[in-house]
Amino acid sequence: MKLLFDVGNTHTTIALTDNGKKFNIKRISTYSLQTEDELYVYLKMLFSENYDQIIVSSVVPNINHIFEFFSKKYIGKDAVFLNAKLYKNIKWDVRVPSDIGADRVANVIAAEKDYGNNAIIVDFGTAITIDVLKNGIYEGGVIIPGFGMMVNALFKGTAKLPKVELKPSDVFIGKDTESNIRIGVINTVLEGIIKVVEKIKSETEITSVIFTGGQSKIIMDYKKDVIYDLELGLRGIYYFYESTIS
Ligand SMILES: Nc1ncnc2c1ncn2[C@@H]1O[C@H](COP(=O)(O)OP(=O)(O)O)[C@@H](O)[C@H]1O
Ligand SMILES: CC(C)(COP(=O)(O)O)[C@@H](O)C(=O)NCCC(=O)O
Ligand SMILES: [K+]
């Protein structure tokens, strides 16, 4: 069995798998992890099965050492860390491939394997990312503040605005403060993303649009004509691992 970690700026998704298709998935707060022994306790409580390798996709470098120490101390081998420059099956046509967030790399690897050479991937997390895979080449993308980050920015930046539930509004003219904020943070951002995706589609003739990420769940009813694939990144981590051992 392999243990995959998708370390994001809000949550770390942990998945046990032996084939990269079926996953036993758990989700913890990224910043709850401080030491390798605490990680060991979490894993003991969350999983009963054993595993002989951990593979980490991390966009939070200052906690990567926890996985390194854990892997050496409790498994007796190095953790595998995902990075674009180590994955040769895709051309990363950007200025510095090793700078691409590992979560984005994992999404693109799985998109290429499971959806073919052309895909636009939107990942709704702490930040929202748009990634473009065209004819098997990673062309780059877009980074947008996440819905939660936008709500927090309004809350921290003003005297009176509250935090609101992350849910799209059914209307575009708000009748109270909460709906005003939800339209501004969810509907407006989403409509902007949809507009940018349409522009990318017209520029590239890509037709497959995949939504993923923890916060994609809140917009499933709002935007229906896309593919939702919440395990895309996890499969990408596994495919990356397979490519390092073959
Ligand atoms: N089971 C869950 N428990 C709590 N929050 C969840 C859950 N599933 C999805 N979410 C949502 O996912 C968000 C985190 O999304 P995620 O893609 O993991 O972010 P990141 O990768 O940036 O850490 C949370 O802020 C929350 O809105
Ligand atoms: C854009 C991100 C912060 C998204 O991470 P997340 O929202 O999943 O925590 C992450 O992909 C990242 O740190 N990227 C590095 C910069 C880049 O991708 O160009
Ligand atoms: K993410």
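Start at 1 and go down the list; that is how both ligands and their atoms are numbered. Quantities reported herein were computed from a predicted structural model and do not represent experimental measurements.
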Check this for me - ligand 1, [X], N or O atoms closer than 3.5 angstrom, yes or no?
X	answer
Asp6	no
Asp123	no
Thr13	no

Residues Asp229 and Tyr115: side-chain donor-acceptor under 3.5 angstrom: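 Result is yes, a qualifying pair exists.
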Residues Glu191 and Tyr222: side-chain donor-acceptor under 3.5 angstrom: yes
Answer yes or no: does an N/O atom from [X] fall short of 3.5 Å to an N/O atom of ligand 2?
X	answer
Ala127	yes
Asp103	yes
Thr129	no
Gly8	no

Give the atom numbers and elements of ligand 2 that come within less than 4.0 Å of a heavy atom of [X].
X	result
Ile100	18 (O)
Asp99	15 (C), 16 (C), 17 (C), 18 (O), 19 (O)
Asn9	3 (C), 5 (O), 6 (P), 9 (O)

Whether Tyr74 and Tyr40 hold their rings parallel, tilted or perpendicular, with breakpoints at 30° and 60°: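 The rings of Tyr74 and Tyr40 lie parallel, inter-plane angle below 30°.
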Parallel, tilted or perpendicular, as decided by the 30° and 60° cut-offs, for the rings of Phe211 and Tyr228: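 Perpendicular.
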I'd like the name of whichever of [options] reaches closest to [atom] through any heavy atom.
atom	options	answer
atom 11 (C) of ligand 1	Gly214, Gly148, Ser216	Gly214
atom 26 (C) of ligand 1	Lys217, Lys26, Gln215	Gln215
atom 18 (O) of ligand 2	Arg95, Gln215, Arg104	Arg104

Phe70/Thr35 under side chain to side chain contact (heavy atoms under 4.5 Å, CB included): CA gap, chis, key distance, verdict: CA-CA 8 Å; Phe70 171 85; Thr35 71; over 6 Å; no
Within 45° cone and under 6.0 Å: Lys2 NZ/CZ vs Tyr51 ring: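 Judged by the rule, Lys2 and Tyr51 form no cation-pi pair.
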Transitive ILVMFWY side-chain link Ile120 to Ile210, under 4.5 Å: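 Per the 4.5 Å side-chain linkage, Ile120 and Ile210 are not co-clustered.
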Main-chain N/O of Val60 paired to Ser58 side chain as donor or acceptor, under 3.5 Å: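 Yes; at least one donor-acceptor contact below 3.5 Å.
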Gly125 neighbourhood, listing ligand 1 atoms whose heavy-atom distance to it stays under 4.0 Å: 17 (O), 19 (O), 22 (O)
For ligand 1, the portion of Asn9 having any non-hydrogen atom under 4.0 Å away: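 Backbone only.
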Pairwise salt bridge (Lys or Arg N to Asp or Glu O under 4.0 Å) hits with a residue in residues 33-45, at least two apart: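 Every pair satisfying salt bridge (Lys or Arg N to Asp or Glu O under 4.0 Å) with a residue in residues 33-45: Glu36-Lys73, Asp37-Lys73.
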Any Leu161 side-chain heavy atom under 4.5 Å of Thr177 side chain: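 Yes. Closest side-chain heavy atoms under 4.5 Å.
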